[in-house]
Amino acid sequence: MSQAQSQLSPQAGSEITVTVSACTRKVPKGTRVADLFDPEQRSRLVAARVNGKLVDLSYPLEQDAVVEPVSVDSPDGLAILRHSAAHLMAQAVQSLYPGTQVTIGPATEDGFYYDFAPPRPFTAEDLPKIEQRMRELAAADLKVERLEMSREEAIELFERMGEHYKVEILRDLDEPRVSVYKQGDWMDLCRGPHVPSTGYLKAFALLNVAGAYWRGDERNAMLSRIYGTAFPDQAALKEHLALLELARSRDHRKLGRELELVLFDPRAPGSPFFLPKGTILFNELVAYVRRLYRRYGFKEVITPQLFRNELWRTSGHWDLFRDAMFLTTDGENKTGELDYALKPMNCPAHALIYASQKRSYRELPLRLADFGRLHRAERSGVLHGLTRVRAMTQDDAHIFCTMEQVAEEVDANLKMVREVYQTLGFERLELKLATMPQEHLGSEETWRQTERMLAEAMERNGLEFEVNPGEGAFYGPKIEIYVPDALKRKWQLATIQLDFNMPERFGLEYVTSQGSVQRPVMIHRAVLGTLERFIGVLIEHTGGAFPFWLAPEQVRVLSINERVEAYALDLSARLERLGFRASADVRSEKLGFKVRQAELAKVPYIVVVGEREASTGTVSLRKLKGEKAQSMSVDQLVDILKSEPLPG
RNA sequence: GCCCAUGUAGCUCAGUCGGUAGAGCACUUCCUUGGUAAGGAAGAGGUCACGGGUUCGAUUCCCGUCGUGGGCUCCA
């Protein structure tokens with residue numbers, strides 16, 4: 001600690017040159033970063049970059065440097081604020097629950113967490129108490145100090161404090177010197193930087209508790225994680241909490257039930273029932289993809305649900321995917337051996353179709369599409385409404401093509417993906433290249449080569465992407481396409497994957513124009529991905545107000561009284577004959593009540609008819625969320641309905 | 001699978017410091033025939049998730065199972 005002190009005292013007389021915001025000036029050696037800024041500027045600063053490296057505001061400048069301020073409003077600044085909030089929480093927790101060890105506590109994309117090893121796991125009831133203590137510690141405006149020491153000193157220090165996880169982290173570190181942050185009497189091993197004092201933490205909230213494994217490995221101890229978030233000011237925090245609230249109100253599990261789209265029953269965990277309205281949504285999406293298939297040259301097939309294990313041994317699923325497969329047998333089988341399995345993927349079935357006849361280069365690319373039902377034995381703890389299921393339907397297809405055709409096929413599928421998401425109202429796509437995982441089939445050389453092909457395809461199409469190392473499927477690398485929804489959450493839906501292994505395992509071949517025999521390449525791809533998940537995301541994205549072509553109920557005719565019941569029923573019948581999903585609400589309820597219910601059901605066109613309309617053959621149209629009702633003839637209404645676009 | 005929480009009417013939730021239960025909405029019937037987000041009345045509806053244990057007695061306390069939720073891990 002004495003060394004830390006001495007670093008802070010400037011050597012009188014010597015000067016260094018610093019550049020701040022393109023202005024260069026001389027300051028005494030040892031000047032603290034904070035002193036380069038006037039108090040007004042300083043109030044929004046939480047840290048600085050010195051020659052590109054993030055440091056505390058108390059950092060003493062020892063040599064010439066370029067200094068950039070890091071404001072709390074910048075992404076870096078916000079992350080620092082949240083990291084400091086995590087420290088504040090840890091301090092509060094340790095003061096309230098003695099015997100609790102700290103582990104790690106980083107900032108995340110929209111908040112922070114800290115993993116603790118407490119004598120007893122925390123529960124939600126602990127949060128208000130911790131939050132209150134945090135407020136007290138923030139109000140005390142404790143100075144946050146950075147201490148530097150040797151690794152050995154730190155190990156000794158944390159041993160003494162009984163922080164065994166920190167000692168473990170220290171033992172794994174390479175650096176000879178480490179930093180420890182101190183606020184009040186509380187200390188934590190940390191790289192930093194941090195805000196100058198706890199008073200900077202003005203707006204934070206603790207959100208939930210959860211279990212988490214030490215270092216993310218399920219063989220390790222289960223720790224107790226507390227999630228929270230922090231913002232520069234109360235207004236921003238409130239806004240964030242409001243967004244979380246909105247997300248809750250749009251939860252597809254809630255809306256799915258309220259809008260009578262889906263049902264879950266404990267007797268089929270992870271397996272949604274699609275109710276009549278949900279089935280319309282499902283089938284309309286499938287119909288849309290089928291229209292695209294005609295345009296993009298896919299041929300649809302229907303393949304078996306259940307296969308003998310021999311198939312899975314051939315495909316490689318038996319070795320690498322068996323844990324996630326439902327194994328079964330038939331009632332005649334006396335051996336008890338589970339010799340069949342429900343398919344978890346369609347690809348082996350399509351390989352069998354390919355292999356069922358001698359193939360010529362003239363047939364390629366052969367694009368086989370399949371809406372087959374897949375089953376995967378997802379572990380019970382991961383199931384989540386429609387977005388994480390055990391029974392699923394993908395808009396799955398496998399393209400068998402020559403090596404030379406791969407680029408064109410990947411391009412076409414990227415195009416299809418962009419078309420679909422634009423049509424469905426998702427503004428942006430984020431792409432990732434998922435590379436060779438630990439468990440994989442095929443040589444590393446083939447992997448690197450195919451990874452390059454996918455990267456080049458994205459570059460060729462002017463698409464930016466990140467690399468997701470080790471996240472490829474076991475049979476090949478993939479382009480993962482993430483879609484941010486209306487609530488800024490990201491979902492992986494579409495995917496394009498290259499596969500050189502499956503063709504090998506199934507011995508797939510084609511005859512070239514020269515008469516020689518070649519192995520085709522297989523491309524796995526899905527656009528909506530898993531329909532169940534897609535529908536879950538779409539429900540949350542739209543809040544249940546689907547575009548007209550997807551709306552389970554497109555028009556509802558509301559009668560004002562019994563005298564116009566026949567007119568209302570005739571009208572809805574006529575619209576149904578024209579192919580629209582129409583219904584009539586002729587109950588003896590007040591109009592306001594019927595309007596309310598139709599609005600809550602998110603019916604896009606609400607048509608009101610009373611005696612005025614019945615006598616003139618007109619309707620009063622109220623569009624969902626629409627302002628004023630409009631009067632028009634039935635033919636005009638039909639024209640409006642007919643003008644609603646049907647994509648594809 | 002693991003940690004924590006949780007399971008009361010179709011839905012959202014009260015409640016019982018251990019003596020087998022209640023509201024609102026929805027549902028059924030009746031009254032009401034109303035002009036753009038909730039008209040009124042009556043009725044029906046529950047093995048308090050399931051299985052054990054403690055107890056004179058368990059929906060309530062304890063244990064287990066299953067489901068659900070928040071995460072971890074995995075992945076579409």
Side-chain angles (χ1 to χ4, degrees), chain A residues 113 115 118 120-126 207-227 251 253-254 257-258 260 263-270 321 323-324 344-345 374 376-389 392-396 434 437 471-474 478 480-482 491-495 497 524 526 528-534 536-537 558-565 586-601 606-613 620-623 625-631:
Chain A
Y113 66 82
D115 285 346
R120 279 181 203 293
F122 298 118
T123 70
E125 281 86 77
D126 297 319
L207 300 173
N208 48 25
V209 294
Y213 301 104
W214 168 234
R215 297 191 156 166
D217 188 329
E218 62 184 332
R219 287 165 303 195
N220 287 342
M222 177 62 73
L223 304 172
S224 194
R225 174 174 297 181
I226 302 178
Y227 283 93
D251 190 320
R253 292 164 300 185
K254 179 171 171 279
R257 189 176 51 236
E258 287 173 2
E260 298 177 308
L263 170 74
F264 286 92
D265 186 282
R267 283 156 287 199
F321 209 76
D323 289 350
M345 296 182 190
L374 308 177
R376 297 185 190 171
E378 299 291 350
R379 295 151 112 197
S380 60
V382 307
L383 301 177
H384 182 93
L386 287 172
T387 55
R388 197 77 205 173
V389 294
M392 71 205 82
T393 313
Q394 299 182 330
D395 61 337
D396 197 14
E471 291 293 318
F474 66 79
K478 57 186 180 184
E480 297 174 334
I481 297 154
Y482 291 83
W491 301 91
Q492 194 204 322
L493 299 163
T495 179
Q497 316 181 0
H524 308 240
L528 300 179
T530 299
L531 270 292
E532 286 78 1
R533 170 182 283 186
F534 184 83
V537 173
L558 312 183
S559 60
I560 284 178
N561 60 41
E562 279 173 6
R563 289 186 294 280
V564 295
E565 187 178 316
V586 295
R587 294 173 302 167
S588 61
E589 297 288 351
K590 289 180 114 170
L591 181 61
F593 183 71
K594 294 186 188 182
V595 167
R596 174 183 155 80
Q597 290 204 332
E599 290 279 355
L600 290 175
I606 299 171
V607 170
V608 174
V609 296
E611 284 165 293
R612 210 154 61 215
E613 286 78 16
S620 167
L621 173 64
R622 172 191 171 111
K623 282 197 75 172
K625 284 184 230 157
E627 314 77 51
K628 260 179 76 182
Q630 269 182 294
S631 186

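Because the structure is a prediction, the values reported are computed rather than measured.
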*Mind checking who B:rG64 pairs with, Watson-Crick or G-U wobble, both distances under 3.5 Å?*
B:rC50
*Give one of base, sugar-phosphate or nothing for A:Gly592, where a contact means two heavy atoms less than 4.0 Å apart.*
sugar-phosphate
*How about A:Glu258: does its CD atom have over 12 heavy atoms from other parts shown lying under 6.0 Å from it?*
yes
*For B:rG46 versus B:rG22, give the span between their C1' atoms, rounded off to a whole number of Å.*
11 Å
Look for any protein N or O under 3.5 Å of an N or O in nucleotides 60-63 of chain B and output each such pair with its distance, or none.
none

_side-chain N/O A:Lys478 vs B:rA76 OP1/OP2, d < 4.0 Å_ = yes
*asked:* So that I can tick it off, tell me whether A:Glu599 and A:Arg622 are bridged by a salt bridge, with the cut-off set at under 4.0 angstrom between side-chain N and carboxylate O.
replied: yes
*Toward the 5' end of RNA chain B, which comes first, A:Ala473 or A:Val609, by nearest nucleotide?*
A:Val609
*Side-chain heavy atoms of A:Asp126 within contact of A:Val209, under 4.5 Å*: no
_Which is more 5' along RNA chain B, the nucleotide nearest A:Val389 or the one nearest A:Asn208? Just name the residue._
A:Asn208
*Compare the minimum distances between each of B:rG1, B:rG34, B:rC2 and the side chain of A:Asn561, then state the nucleotide with the smallest one.*
B:rG34
*Identified pairing partner of B:rA38, criterion: Watson-Crick or G-U wobble below 3.5 Å*: none
_Need one value for A:Glu260: base, sugar-phosphate or nothing, where a base atom within 4.0 Å counts as base even if backbone is also close, heavy atoms only._
nothing
_Do A:Leu591 and A:Val608 have side chains that approach each other closer than 4.5 Å (heavy atoms only, starting at C-beta)?_
yes
*asked:* With a 4.5 Å cut-off on side-chain heavy atoms, are A:Phe474 and A:Phe321 touching?
replied: yes
*asked:* Any non-hydrogen side-chain atom of A:Glu471 less than 4.5 Å from a side-chain atom of A:Pro437?
replied: no
*Mind checking A:Glu589 for me? I need base, sugar-phosphate or nothing, with any heavy atom below 4.0 Å counting as a touch.*
base
*B:rG57 pairs with which nucleotide, Watson-Crick or G-U wobble, both distances below 3.5 Å?*
none
*Interatomic distance where NZ belongs to A:Lys594 and P belongs to B:rA37 [whole Å]*: 14 Å
*B:rC61 and B:rA76, which share atom name C1', separated by this distance in whole Å*: 44 Å
*Rounded interatomic separation in angstrom, taking NZ from A:Lys623 and P from B:rA37*: 18 Å
*Describe the nucleic acid contact of A:Leu223 in one word from base, sugar-phosphate, nothing, applying a heavy-atom distance below 4.0 Å.*
nothing
_Quiz item: A:Glu613 side-chain donor-acceptor pair to B:rG35 base, under 3.5 Å_ = yes
_Only pairs with both distances under 3.5 Å count, Watson-Crick or wobble alike; so what is the partner of B:rG24 in this structure?_
B:rC11
*Over how many whole Å does the gap from A:Ile560 atom CD1 to B:rG39 atom C1' extend?*
16 Å
*Touch class at under 4.0 angstrom, heavy-atom based, for A:Phe264 against every strand present*: nothing
*B:rG71 OP1/OP2 closer than 4.0 Å to side-chain N/O of A:His384*: no
*Mind checking who B:rU33 pairs with, Watson-Crick or G-U wobble, both distances under 3.5 Å?*
none
*Looking at the side chain of A:Ala629, which of B:rU36, B:rG70, B:rA26 is the nearest nucleotide?*
B:rU36
*From B:rG67, B:rG1, B:rC3, nucleotide with atom closest to A:Pro269 side chain*: B:rG67
_As a test of reading the structure: which of B:rU33, B:rA37, B:rG1 is closest to the side chain of A:Arg596, going by heavy atoms?_
B:rA37
*To the nearest Å, how far apart are A:Asp323 CG and B:rG1 C1'?*
11 Å
*Who is the Watson-Crick or G-U wobble partner of B:rC72, with both distances under 3.5 Å?*
B:rG1
*Rounded to the nearest Å, what distance is computed from the CG atom of residue A:Leu558 to the P atom of nucleotide B:rU36?*
12 Å
*Using atom P of each nucleotide, how far apart are B:rU60 and B:rA9 to the nearest Å?*
15 Å
*Does one side chain, of A:Gln394 or A:Arg533, offer a donor that lies under 3.5 Å from an acceptor on the other?*
no
*Can you find a heavy atom in the side chain of A:Ile560 that is under 4.5 Å from one in the side chain of A:Val609?*
no
*So, does the side chain of A:Tyr213 form a donor-acceptor pair with the base of B:rG1 at under 3.5 Å?*
yes
*Sole residue of A:Glu613, A:Lys594, A:Glu565 in side-chain hydrogen bond (donor to acceptor under 3.5 Å, both in side chains) with A:Ser559*: A:Lys594
*What is the distance, rounded to the nearest whole Å, between atom CD of A:Gln497 and atom P of B:rA76?*
6 Å
_What is the distance, to the nearest angstrom, from the CZ atom on A:Arg587 to the C1' atom on B:rU29?_
15 Å
*When you get a sec, tell me which of B:rU33, B:rA37, B:rA76 is the closest nucleotide to the side chain of A:Arg622?*
B:rA37
*Partner nucleotide of B:rC17 by Watson-Crick or wobble geometry (both distances under 3.5 Å)*: none
*Contact class for A:Gly216 vs. all strands (heavy atom < 4.0 Å): base, sugar-phosphate, or nothing?*
sugar-phosphate
*Heavy atoms under 4.0 Å, any strand shown: does A:Lys254 hit a base, just sugar-phosphate, or nothing?*
nothing
_Touch class at under 4.0 angstrom, heavy-atom based, for A:Tyr113 against every strand present_ = nothing
*Is A:Arg376 touching bases, backbone alone, or none of the nucleic acid, heavy atoms closer than 4.0 Å?*
base
*Using the C1' atom as the reference point in each nucleotide, state the distance between B:rC50 and B:rU6 in Å, no decimals.*
15 Å
*asked:* Between B:rU20 and B:rC11, how far apart are the two C1' atoms, rounded to whole Å?
replied: 24 Å
*Which is true for A:Thr495 with a 4.0 Å heavy-atom rule: it touches a base, it touches only sugar-phosphate, or it touches nothing?*
nothing
*Would you say A:Arg267 reaches B:rG67's phosphate, i.e. side-chain N/O to OP1/OP2 under 4.0 Å?*
no
*Would you mind classifying the nucleic acid contact of A:Arg379 as base, sugar-phosphate or nothing, using non-hydrogen atoms under 4.0 angstrom?*
base
*Mark up nucleotides 5-15 of chain B, 5' to 3', with B wherever a protein heavy atom is under 4.0 angstrom from a base atom, S wherever such an atom reaches only the sugar-phosphate, and - elsewhere.*
------SS---
*Give the intermediate values and the outcome of side chain to side chain donor-acceptor pair (under 3.5 Å) for residues A:Glu532 and A:Thr530.*
CA-CA 5 Å; A:Glu532 286 78 1; A:Thr530 299; 5.5 Å; no
_Please report the distance separating the C1' of B:rG15 from the corresponding atom of B:rC74, rounded so that it comes out in whole Å._
41 Å
_Test item: side-chain donor near acceptor, A:Tyr213 and A:Arg215, under 3.5 Å_ = no
*Considering only atom C1', compute the distance from B:rC25 to B:rA38 and round it to an integer number of Å.*
10 Å
*Say you pick atom P in B:rG34 and the same atom in B:rC27; how far apart are they, in whole Å?*
23 Å
*Is it true that A:Asp265 and A:Arg267 make a salt bridge, defined as a side-chain N closer than 4.0 Å to a carboxylate O?*
yes
*Just how far, in rounded Å, is P of B:rA76 from CZ of A:Phe321?*
7 Å
*Pick base, sugar-phosphate or nothing for A:Glu218, based on heavy-atom distances below 4.0 Å to the nucleic acid.*
base
